[in-house]
Amino acid sequence: MKQRKPIVIANWKLNGGLDLICVSVASFIGKHFNADIAICPPYIYMRDMMTFLQFSELHIGSQNVSRFESGAYTGETSAQMLKEAGCSLCLIGHSERRAMFGENNEGCQIKVCTALSHDLLPVLCVGENQQQREANITEDVLNTQLREGLANIDLQGKDLCIAYEPIWAIGTGLAATPKIAQEVHQFIRAQLSDIFGAETANGLRILYGGSVNKINTRELLGQPDVDGLLVGGASLDPGHFLTICEQVSELAIA
Ligand code: PEP
């Protein structure tokens, strides 16, 4: 049995609607999981999701968080607002936000601090692209993302997750092999150990994301340093996502 409680996060991106909220949450009602499970819907549906949550163990996550607390920042949503909407975690620095919305490591660091100060669990996303992998610089890329994204952060007993999402695996159907995932997660844990110390690093969960589905879940999660999954496309099918969560839960007690 793994020491760290597994975590599965659904990232709906700009997809879904009220009907998907209803069907997804309904499929979790009355079920117990040996894992933390969260859905990150578009902001507008968080309140709708919250009304159903008393009947399930699901958590609400956010796909992003503002680096600002309040003020003239059109289109932003603060950590405090997310907390009020019932959120318990937020993704930070997803590769789509880095590529399409100009997010950088320095901004991610501010967001991690903001999330921590509002008791939202930050899930910092890191990952290399195809060219970087082919050029053999995956570790350099991850090292920079981690060192800069986590600079000067004192966890003070608070929790934090890292999501390793190789960009070449996101939405492509080509998930990292379990071997690659384990090698990279082990490397990430070693960096976390340098940053926070070995004891803290051993307690932090590192998720894998990128074309996760019900076929590859068991093998990926079977790796010693893979503590959870970030699921995009497959989470838009409620039955498929439920199966992934059930498999993760079974593995947690195996
Ligand atoms: C994601 O973008 O976070 C993701 C994991 O997507 P997919 O599962 O569709 O590859």
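Order of listing sets the numbers, starting from 1, for every ligand and every atom in it.
The protein non-hydrogen atom at the shortest distance from atom 2 (O) of ligand 1 is K13 NZ, 2.5 Å. Annotation: atom 1 (C) of ligand 1 to nearest protein heavy atom, H94 NE2, 3.3 Å. Of the protein's heavy atoms, E165 OE2, 3.0 Å lies nearest to atom 5 (C) of ligand 1. Annotation: atom 9 (O) of ligand 1 to nearest protein heavy atom, G233 N, 2.8 Å.
E103 and R67 are not joined by a salt bridge, as no carboxylate oxygen comes within less than 4.0 angstrom of a charged side-chain nitrogen.
The ligand atoms of ligand 1 that sit less than 4.0 angstrom from a heavy atom of L230 are 3 (O), 5 (C). Set against the non-hydrogen atoms of G171, the atoms of ligand 1 under 4.0 Å away are 7 (P), 9 (O), 10 (O). Those atoms of ligand 1 with a heavy atom of G232 less than 4.0 angstrom away are 4 (C), 5 (C), 6 (O), 7 (P), 8 (O), 9 (O). Taking a cut-off of under 4.0 Å to the non-hydrogen atoms of A169, the atoms of ligand 1 that pass are 10 (O).
Taking the six-membered ring where the residue is Trp, Y164 and H185 present perpendicular rings, their angle passing 60° and hence far from 30°.
Taking the six-membered ring for Trp, F52 and F28 have ring centres at least 6.0 Å apart.
A donor and an acceptor atom, one from each side chain of Q182 and D225, are located under 3.5 Å apart. Side-chain atoms of H94 and E165 form a donor-acceptor pair, as typed in the model, at a separation below 3.5 Å.
In the hydrophobic clustering of this structure, L230 does not group with V212; members are Ile, Leu, Val, Met, Phe, Trp, Tyr whose side-chain heavy atoms approach within less than 4.5 Å, directly or through other members.
Few gaps surround CD on Q130; more than 12 heavy atoms of other groups in view lie less than 6.0 Å from it.
By the 4.0 Å heavy-atom criterion, S211 is counted among the residues contacting ligand 1.
Residue contacts with ligand 1, taken as heavy atom pairs separated by less than 4.0 Å, involve I170 via backbone and side-chain atoms alike.
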